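This is a predicted model, so every value here is computed, not measured. Hydrogens, waters and symmetry mates are skipped; everything else that's a heavy atom, side chains included, is used.
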Amino acid sequence: MSLALVALALAASVLAILAVAMGYVLGWANRKFHVAVDPHVELLQAALPGANCGGCGYIGCSEYAAALAEGNTTVGLCAPGGGSCAQKLADILGVEVQESCPYRAVVHCSAHTHQRLQRAGYEGERTCVSANLVAGVQGCTYGCLGLGDCARACQYAAARIVDGLSTIDYDRCVGCGACSRTCPRNIITLVPFKAERMMVVACSNQDTAADVRAVCEVGCIGCKACVRVAPELISMDGALPAINYDHYNPEEAEALESVLEKCPRKRYLFVGKPTPEDLAAVEHEELPEAVTADFKTTVDDTEWRG
Amino acid sequence: MDKEGPTALERFINGVLPENPIYRQLLGMCPTLAVTNAMKPAVTMAAATAFVLICSNIMVSLIRRLLKPHLRILVFTLTIATFVTIADRFLAAYVYDMSKQLGPYVPLIIVNCLIISRAEICASKQGLAVATADGIGMSLGFGLGLASIATVRELLGSGTWFGIHVLPAGWPNWGIMALPPGAFVTLGLLLAVVEWGTRRRAATGIWRTVRMLWSWRHSPASSSSS
Amino acid sequence: MKEERNKGGYIGQAWLVILLALLYGGGLAGVQTALSGRIQQNKKAETYEVIPDLVAGADASRTEELAIRGENGKDSRAYKVFSSDGSHIGWVLPAGGSGFADRIDLLIGLDPEVSTITGLYVLDQKETPGLGDNITTAGFRDRFRNAPTSQPLAVVKADPSRDNEIRALSGATISSESVAAIVNNALANCRGPLQGLTAQAGPERQRLVEPAR
Amino acid sequence: METLTGLILIFISAALINNFVLHYFVGICPFLGVSRRVDTAFGMGCAVTFVISISTMLNWMFTSFILRPGAPLPAWVWRTAGGNPQTQLDLSVLSYIIYIFVIASSVQFVEMYVRKFSPPLYKSFGVFLPLITTNCAILFASLEVLKHMQDPANLWSLPQALTLALGGGIGFTLAISLMAGIREELDLCDVPRPLRGAGIALIVAGIMAMAFMGFTGVEKGVETALTSLLR
């Protein structure tokens with residue numbers, strides 16, 4: 001037979017045999033090495049938003065789904081998913097949703113640039129993590145640097161730098177905790193929001209009164225007035241008061257109001273969704289019309305992976 | 001395929017400049033660095049990649065309905081490997097010295113991320129016309145990228161362009177340009193230049209022409225069926 | 001039920017892969033038979049074009065390819081070169097070895113008695129551009145012409161005093177030494193067998209053998 | 001003795017002198033993409049070394065029995081088919097398709113195996129495995145082996161092919177880990193706007209390639225040293 005014919009037949013048959021062999025081996029391996037994946041996990045993962053934001057304390061949605069399947073975590077931890085997602089998870093697992101309040105980010109500093117004293121002219125890299133390495137960049141060694149690491153880290157554009165201070169937009173914040181992880185000074189914590197607006201300690205300076213007054217016009221001087229007013233709610237953590245949110249009861253407003261008047265530096269703030277009065281205050285300002293990107297390519301928003 | 005999916009013309013324009021495989025998507029880096037020490041090998045590689053990319057896009061979009069999800073990658077690789085072997089044998093037969101100079105980089109087109117990603121993103125989902133247009137556009141963009149890097153490296157490296165002496169004889173040839181470090185640095189700087197160019201997007205005229213094409217495609221009068 | 005379909009079906013599932021494998025295997029074999037003739041031609045032509053330059057007065061089309069067993073037990077190819085009137089006028093010996101950066105492949109032209117080198121050609125090299133790759137220039141290759149093969153070639157920086165010394169390329173000493181080393185190895189390995197073949201062919205004119213198609 | 005020096009030479013040349021990434025430009029996509037942090041880079045390097053060894057071993061077997069000119073299988077088939085012994089039937093045209101087929105299947109097999117038997121290992125570098133099928137370094141190693149199997153006189157044995165694969169893999173891990181270390185420092189530096197991301201990574205890779213170029217020519221020195229040492 002001619003060389004061409006035999007070559008053709010041999011080539012085709014070698015490839016076909018290889019395909020069959022590999023198909024068989026892979027099929028066998030697929031069955032043999034089949035990892036017993038709990039069917040629930042896929043269903044749970046489908047119900048989760050899949051943002052892998054870490055708000056539930058697990059590395060990603062798949063981790064949270066696996067933990068849910070094993071049943072050693074509660075249903076409502078998914079901050080971005082919110083109530084609807086919690087309900088879906090509960091249906092899959094057949095448990096009822098216990099009421100768990102959403103966690104939101106809170107910045108424990110409220111001094112704007114003009115209120116911070118002894119600020120050095122910092123010309124380095126415009127990121128908090130770099131500025132934090134420089135010793136005398138700012139009088140207060142605890143407070144917010146205002147260079148926007150948290151704003152960059154937030155997937156939901158909830159954290160913004162307003163006049164040098166990181167402020168959280170509670171309409172957008174889902175409590176994923178990305179900002180609290182990136183802040184080099186660790187002054188952003190996640191607080192369980194039992195009500196629309198919660199009272200928080202808006203300072204994290206642990207120094208004595210004299211040092212605080214030297215570096216900040218509004219910092220908490222640790223005078224313990226608040227602890228005397230509401231001992232079971234507030235306790236001193238070093239030189240700084242800390243609210244115990246388990247005992248925090250949003251209904252009994254008068255106790256909270258009394259703490260507010262007693263505090264000489266007014267460092268107890270109510271943070272949360274804007275109240276009707278706030279909205280009325282900004283009624284007359286017209287909003288900048290949203291500029292839509294004129295020429296978008298699929299490449300622009302893909303995270304570059306080389 | 002749903003009607004408002006990308007039309008053939010849009011995929012073609014996208015492939016050449018806005019989503020240029022080398023400068024914007026950073027795909028197919030291995031051949032880009034390896035063969036661009038002179039124009040002739042770069043153009044040959046671009047032609048070979050074009051042939052493989054277009055044929056594999058056509059083939060994949062033909063059999064896209066039969067594909068099983070978990071065997072998808074295996075089928076793509078087999079198809080691409082076949083067309084690469086055909087291209088390699090064709091080069092060895094008709095352009096032997098170029099095939100010797102390109103050496104192992106012609107078979108390496110098989111694992112060129114550009115071709116597999118186009119097969120995955122576009123060809124296995126779109127119709128024949130869109131897939132072919134995308135193939136042509138992407139290979140044109142890839143060729144453009146290769147040619148630009150090869151021009152810089154050959155001019156600085158040996159003062160020639162396609163072998164013709166362009167720079168004056170007094171030009172000291174930068175031997176480094178033909179060597180690996182030259183390749184890395186040239187590509188890095190060119191990426192920076194393109195990045196800087198696209199940043200000043202509104203000003204440069206080129207984007208106005210592309211936007212005009214883009215708006216022309218949107219207007220109903222001209223929406224030809226893809 | 002998922003288990004069932006999977007067990008019986010994993011070859012069934014892969015029917016598309018097998019079908020494509022058959023199709024592509026056939027296609028490639030077809031392409032191979034169509035183009036292999038031309039590729040063989042190119043490979044052979046690459047060596048045959050150079051033979052007239054290596055052995056003066058050679059007629060490339062009459063060259064005959066032989067397989068000889070070298071002293072180190074490894075057999076390699078050798079080309080018996082005939083002039084246009086059919087008389088045996090020399091040998092061409094392919095040789096290869098490690099150069100400065102990567103492998104270097106050479107063709108060495110020798111006279112029938114394998115006593116002097118009549119020419120040298122560099123087939124393939126990846127030496128440093130601008131320095132090492134000057135070994136392909138005629139200037140360097142001609143330095144090997146008429147060098148004796150009795151004792152190994154030595155590479156010297158200054159002007160060669162004895163006839164088996166070759167002047168090195170400025171700035172590419174290691175490349176020059178590598179080329180000389182490759183030539184020495186090839187000659188030491190194949191000089192005996194080649195001389196044997198010439199002697200065995202003997203004085204009468206070598207009958208002309210149709211060169212391998 | 002001679003084969004030992006040969007193996008050491010192949011290893012050193014694949015790992016340092018002709019480094020897969022910095023000399024032959026293969027495996028650049030993961031080299032630029034995954035080298036953000038040293039631990040992920042090292043994980044990627046180990047995954048590549050592991051897969052490159054397995055696939056090169058399998059591909060060596062296919063090459064030596066089917067693909068090389070004058071391989072036993074086509075010769076036997078050609079004899080039984082009664083073809084004249086003058087011409088030779090060789091299947092080298094199938095080499096690319098068989099190599100990539102073996103690589104894709106072995107990556108899938110390794111992924112299933114690692115997922116079943118060592119979940120922690122799978123958690124650390126399992127995510128890289130699908131990325132490896134489109135990695136040029138794996139195929140390049142098999143192509144190098146094929147290049148050395150063309151001349152029936154001096155064929156490469158399995159140890160030699162395996163050493164090349166291991167050397168290449170370790171060279172790749174070395175280059176990608178060095179790159180990751182440098183790029184972690186780069187995050188705190190003030191890189192000009194257009195150079196951010198790929199631009200600066202390539203320039204740093206260029207400087208690293210220049211450093212690795214210092215190794216060319218070391219092979220001859222090592223060769224002479226080893227031969228004199230072992231004599």
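- Within residues 21-32 of chain C, the residues approaching chain A closer than 4.5 Å by heavy atoms are, in numerical order, C:A21, C:L22, C:Y24, C:G25, C:G26, C:A29, C:G30.
- Scanning residues 174-183 of chain C against chain A with a 4.5 Å heavy-atom cutoff picks out nothing at all.
- C:E113 CD: more than 12 foreign heavy atoms inside a 6.0 Å radius.
- Note that CD1 of A:I17 and CD1 of C:I18 are 11.0 Å apart. Values are rounded to the nearest 0.5 Å.
- Atom CZ of C:R191 sits in a crowded spot, with more than 12 heavy atoms from other residues, nucleotides or ligands closer than 6.0 Å.
- A search for side-chain hydrogen bond (donor to acceptor under 3.5 Å, both in side chains) contacts involving A:R172 returns nothing, not counting sequence neighbours.
- The side-chain hydrogen bond (donor to acceptor under 3.5 Å, both in side chains) check on A:S130 picks up A:T127, with sequence neighbours excluded.
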